[in-house]
Amino acid sequence: MKTILLTAFMLWTFQGIKAQSTIKMENQIEIQAITHAIENYYFKGIYEGDELLLGSIFQPGTLLFGDINGQPYFKTVDLYLDGVKNRQSPKDSGKPFKGEILNISVVNSIAVAELNVKMYDYNYRDFLSFHKINGKWLIVNKMLTDTSR
C-alpha cells in the first residue's frame, strides 16, 4: 500500500512539475514576443519620431495617463502620436536616449511591462498594459511618470 501511495504521489508531483515547466516556457515565449515589440516598435518609434511605427503597437483608442513635472497628463493615443510626429525626435536632438525594460508579467492574453525611458531631460517610468489580439501583442493602456526630480 505504501508503495502504491508513494508511486501515485511521485507521478502526481512530476505531472505538476511538467505543467509548471510548460507554463513557464509559454510565458517565456510571450515575454520574448513582447520584448521584441517594445524594442522594435515602441523604443524605436519614440527614438526616431516615427509615429507610424510607434502607432502600430497601440490598439486604436488607447488612453495615456500620468504626470510630467508634477502636472497631470492625459492623452488619447491619436493626440500622443501627433505629438511624436510634430516634435524633434530624440534621434535628431542629439541628446541621449535609453529605453530599458525593467519587468514584464504575463497572464494568459494580458501583460504588463514596466519600462524606464531616458530622453531629452526626462527620465520616464512607463507602465504599458498589453493584450494579445489576433495573435499580436498590442498596448491597450499607457501610464507614465517623470522620475527626474
Side-chain angles (χ1 to χ4, degrees), residues 9-93 95-149:
F9 175 74
M10 289 176 61
L11 288 172
W12 177 75
T13 301
F14 290 135
Q15 287 297 323
I17 291 170
K18 184 179 176 184
Q20 287 177 356
S21 296
T22 302
I23 291 169
K24 286 181 183 178
M25 190 179 340
E26 288 172 1
N27 272 356
Q28 285 303 315
I29 291 167
E30 301 302 347
I31 288 170
Q32 288 175 352
I34 295 167
T35 298
H36 179 269
I38 292 169
E39 291 174 347
N40 294 289
Y41 297 93
Y42 187 74
F43 288 153
K44 188 174 181 182
I46 291 172
Y47 176 67
E48 294 177 356
D50 186 337
E51 83 281 0
L52 295 176
L53 181 66
L54 182 59
S56 69
I57 194 173
F58 282 93
Q59 172 70 14
T62 296
L63 299 176
L64 294 78
F65 297 94
D67 60 80
I68 299 174
N69 289 328
Q71 297 301 309
Y73 178 95
F74 166 77
K75 288 190 178 182
T76 64
V77 70
D78 292 335
L79 287 172
Y80 170 68
L81 293 172
D82 190 56
V84 168
K85 177 182 174 182
N86 292 306
R87 71 176 181 211
Q88 183 181 38
S89 72
K91 179 181 180 180
D92 292 340
S93 75
K95 292 190 176 187
F97 175 89
K98 182 179 181 191
E100 179 183 14
I101 299 171
L102 303 176
N103 187 42
I104 299 175
S105 296
V106 177
V107 179
N108 298 324
S109 66
I110 62 170
V112 175
E114 182 179 0
L115 314 175
N116 199 60
V117 181
K118 292 181 183 182
M119 58 186 255
Y120 305 118
D121 296 324
Y122 296 96
N123 189 31
Y124 294 108
R125 182 65 51 94
D126 293 354
F127 292 89
L128 306 177
S129 299
F130 284 85
H131 188 210
K132 192 172 188 181
I133 301 170
N134 297 322
K136 183 177 177 183
W137 286 101
L138 296 174
I139 299 169
V140 295
N141 180 260
K142 175 179 175 176
M143 293 178 36
L144 69 146
T145 190
D146 172 23
T147 60
S148 300
R149 296 186 279 149

Checking side-chain contact (heavy atoms from CB on, under 4.5 Å) for the pair F58/L138: CA distance, chi angles, key distance, verdict? CA-CA 5 Å; F58 282 93; L138 296 174; over 6 Å; no

Aromatic plane relationship, F65 with F74 - under 30° parallel, 30 to 60° tilted, over 60° perpendicular: tilted

Apply ring pair (Phe, Tyr, Trp, His ring centres under 6.0 Å) to Y122 and Y124, showing your working. CA-CA 6 Å; Y122 296 96; Y124 294 108; 5.3 Å; yes

Working to the nearest 0.5 angstrom, can you tell me the gap between I57 CD1 and I38 CD1? 6.5 Å

S109 side-chain N/O to H131 backbone N/O, donor-acceptor pair under 3.5 Å: no

What is the minimum heavy-atom distance between P90 and S93, and which atoms define it? O-OG, 2.8 Å

Distance, nearest 0.5 Å, that separates CD1 of I34 from NZ of K132: 8.5 Å

Out of curiosity, L144 CG to K75 NZ, how far, rounded to the nearest 0.5 Å? 9.5 Å

Which distance, rounded to the nearest 0.5 Å, do you find between the CG of L115 and the CZ of F43? 4.5 Å

How long is the gap from OG1 on T76 to CG on L64, to the nearest 0.5 Å? 8.0 Å

Taking the side chain from E51 and the backbone from G55, do they hold a donor-acceptor pair closer than 3.5 Å? no

Just checking Y80: does its OH atom have more than 12 heavy atoms from other residues, nucleotides or ligands closer to it than 6.0 angstrom? yes

In terms of ring plane angle, is the pair F130 and W137 parallel, tilted or perpendicular, where the classes change at 30° and 60°? perpendicular

Backbone N/O of D82 and side chain of N86: donor-acceptor pair under 3.5 Å: yes

Indicate the ring-plane relationship of Y47 and F97, choosing parallel, tilted or perpendicular according to the 30° and 60° boundaries. tilted

Checking the side chain of T62 only, and the main-chain atoms of I139 only, is there a donor and an acceptor separated by less than 3.5 Å? yes

Atom CG of residue position D121 - does it have more than 12 heavy atoms of other residues, nucleotides or ligands inside 6.0 Å? no

In this structure, CG of N116 is separated from CD1 of I101 (nearest 0.5 Å) by 11.5 Å

Side-chain donor or acceptor of D146 paired with backbone N/O of S148 under 3.5 Å: yes

